[in-house]
Amino acid sequence: MTRWRSTLATLSAGTLAVAALLIAPTQAHAAPSDAELAYRWAPVHYQDTSDVYPTADYLAPVDYDGDWTANNNWNHLDANASRLTGTVYYSVAETATHWYVTYAFFHPRDWKDYPLNLLSHENDMEGQLEVVRKDGSEFGALQAVVSLAHDNFYSYIPPGSTFTDGDENIDGTLVMQTVDGAAHPTSFQEARGHGAYAWDGAANPQAAAFDGGDGVVYTPSRGAGSVPSGGNDRGATYGLVDLTVSGGLWARRANAETYASYGTFSGDDGQDNRAHAPWAWDDSNDGSELQAGVIATDPALLVSKYFGNTGDLSRIYLRNPYQG
């Protein structure tokens, strides 16, 4: 072979190798488990507490008292305060374009001061939906949060989200906080009534400027959560529990021991049967098309209505634990 033919062959081989690299598909990340996804986007949770009765504002599992009977949770609170382990429930639905992660915060009592104590009720579960775009990274990118507070939904976006107002107005911008080297959204719940909103952050989320100065800051944990040391604990943790796990809250949805009706916890202190699981959460004024529970059972529909500029958002589920 002559020198110029040898050189041409070498150049051609090199060109083909570079071209092969350029057209080779990008190595896809393995799909994260639901538990990994839930931990990655789990909020840093700011729980305001009442100085009159802070233990009634601690996060807890529904069966904190050792049983699944929901209508004894109010009366068992004082005797089981040491078992109020920080707990947040979650579930995951998935389409080709998004993951939808629901987080639910439970308290054994929703309580008010006189004269509003007539509005108190046994059990309380409020929380939020997080909308995570599949962008090719392992855990995607957070695009929005919709929270539940007293039968109303509130919409938020993180800095940089492309979402705009839809049928509902965006209520604010999320404050992000670093956990394990990654940015997490922050969430907030009121004392007593436990309405769930985005944490406003004051000027600095670390300052935790709660109303009255006292509150519990819960950081997500890969293991079990902790019982707060008091009503002003800034270092508490919560564990994550799958709503749809075998034997869990969704599996028990027809069990009269826990529920008075579909998605409604049994409760006989204060107003009867007033607390709801995510598949019965409802916004009282967002129209008849969005039925109770859609925030968990059909989150893609909710997001397509609540927000604008959602791009190629898919409405077809690859999996949804509340459907089928």
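Hydrogens, waters and symmetry mates play no part in the numbers below; they use all other heavy atoms, side chains included.
Looking at heavy atoms from C-beta onward, T87 lies out of side-chain contact with F105 at the 4.5 angstrom threshold.
A side-chain N or O of N73 and one of N123 form a donor-acceptor pair less than 3.5 Å apart. Residues D57 and H107 bring no donor and acceptor atom of their side chains to less than 3.5 Å of each other. Looking at D298 and Y317, their side chains do bring a donor and an acceptor atom within 3.5 Å of each other.
The environment of CZ in R253 is crowded: more than 12 heavy-atom neighbours from other residues, nucleotides or ligands sit within 6.0 Å.
Under the side chain to side chain donor-acceptor pair (under 3.5 Å) criterion, T102 pairs with no residue, sequence neighbours left out. Partners of R133 under the side chain to side chain donor-acceptor pair (under 3.5 Å) rule, at least two apart in sequence or in another chain, are D312. The side chain to side chain donor-acceptor pair (under 3.5 Å) check on N320 picks up nothing, with sequence neighbours excluded. When the ring pair (Phe, Tyr, Trp, His ring centres under 6.0 Å) test is applied to F139, no partner is found at least two apart in sequence or on another chain. Contacts of T85 classified as side chain to side chain donor-acceptor pair (under 3.5 Å), with partners at least two apart in sequence or in another chain: none.
In this structure, H150 and Y197 have perpendicular ring planes: the angle between them is above 60°, well past the 30° mark. Aromatic ring pairs are classed by plane angle as parallel below 30°, tilted from 30° to 60° and perpendicular above 60°; the pair H45 and Y238 is perpendicular. Taking the six-membered ring where the residue is Trp, Y39 and H184 present perpendicular rings, their angle passing 60° and hence far from 30°. Ring geometry for W279 against W250 counts as perpendicular: the plane angle is over 60°, on a 0 to 90° scale with 30° as the lower cut.
When hydrophobic clusters are built by joining Ile, Leu, Val, Met, Phe, Trp and Tyr residues whose side-chain heavy atoms come closer than 4.5 Å, directly or via intermediates, W74 is grouped together with V52. Under a hydrophobic clustering in which Ile, Leu, Val, Met, Phe, Trp and Tyr are joined whenever their side-chain heavy atoms come within less than 4.5 Å, directly or via other members, V145 and L129 fall into different clusters. A single hydrophobic cluster is not seen to contain both V217 and F106; linkage of ILVMFWY side chains at heavy-atom distances under 4.5 Å, directly or through other members, places them apart. W99 and V245 fall into different hydrophobic clusters, where Ile, Leu, Val, Met, Phe, Trp and Tyr side chains are chained together by heavy-atom contacts under 4.5 Å. In the hydrophobic clustering of this structure, L240 groups with V216; members are Ile, Leu, Val, Met, Phe, Trp, Tyr whose side-chain heavy atoms approach within less than 4.5 Å, directly or through other members.
Closest heavy-atom contact between H121 and D124: CE1-OD1, 3.9 Å. For the residue pair T164 and I170, the shortest heavy atom distance occurs at C-CD1, 3.5 Å. When every heavy atom of F265 is checked against every heavy atom of A277, the shortest pair comes out as CE1-N, 3.7 Å. Nearest heavy-atom pair across M176 and L142 is CE-CD2, 4.0 Å. Closest approach of L37 to P32, counting heavy atoms only: CD1-CG, 4.1 Å. For the pair S147 and Y156, the tightest heavy-atom approach, listed with the atom from each and the gap, is OG-CE1, 3.7 Å.
Residues E138 and R40 are not paired through a salt bridge, judged by the lack of any N-O separation under 4.0 Å between the basic side chain and the carboxylate. A salt bridge does not link D63 to R83: none of the charged nitrogens lies less than 4.0 Å from a carboxylate oxygen. The pair R192-D48 fails the salt-bridge criterion, with no side-chain N (NZ, NE, NH1 or NH2) lying under 4.0 Å from an Asp/Glu carboxylate O.
Each of P43, S161, P158 was scored for a side chain to side chain contact (heavy atoms under 4.5 Å, CB included) with L174, with one residue passing: P158.
The main-chain N or O of W68 is found under 3.5 Å from a side-chain atom of T258 such that the two form a donor-acceptor pair. E122 places a side-chain N or O within 3.5 Å of a backbone atom of D268 that can act as its donor or acceptor partner. Remark: the backbone N or O of L59 is paired with a side-chain donor or acceptor of Y218 at under 3.5 angstrom. With hydrogens and angles ignored, the 3.5 Å screen pairs no side-chain donor or acceptor of S226 with any backbone N or O of P228. Distance alone, capped at 3.5 Å, places no donor-acceptor pair between the N273 side chain and the T264 backbone.
Annotation: cation-pi geometry not satisfied between R109 and W111 (NZ/CZ under 6.0 angstrom from ring centroid, within 45° of ring axis).
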task: Test salt bridge (Lys or Arg N to Asp or Glu O under 4.0 Å) on R234 and D214 and set out the steps.
output: CA-CA 9 Å; R234 306 303 169 92; D214 52 348; over 6 Å; no
task: Take S187 and Y103 through the side chain to side chain contact (heavy atoms under 4.5 Å, CB included) test and state the conclusion after the steps.
output: CA-CA 10 Å; S187 54; Y103 295 94; over 6 Å; no
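If you look at H98 and Y100, their ring centroids are closer than 6.0 Å.
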Without placing hydrogens or testing angles, list every side-chain donor-acceptor pair under 3.5 Å for residues 281-290, not counting sequence neighbours.
residue	atom	partner	partner atom	Å
W281	NE1	M125	O	3.2
W281	NE1	H276	O	3.1
D283	OD1	N285	N	2.9
D283	OD2	F153	N	2.8
D283	OD2	Y306	OH	3.3
S284	OG	D151	O	3.3
D286	OD2	Y306	OH	2.8
E289	OE1	K305	NZ	3.4
E289	OE2	K305	NZ	3.4

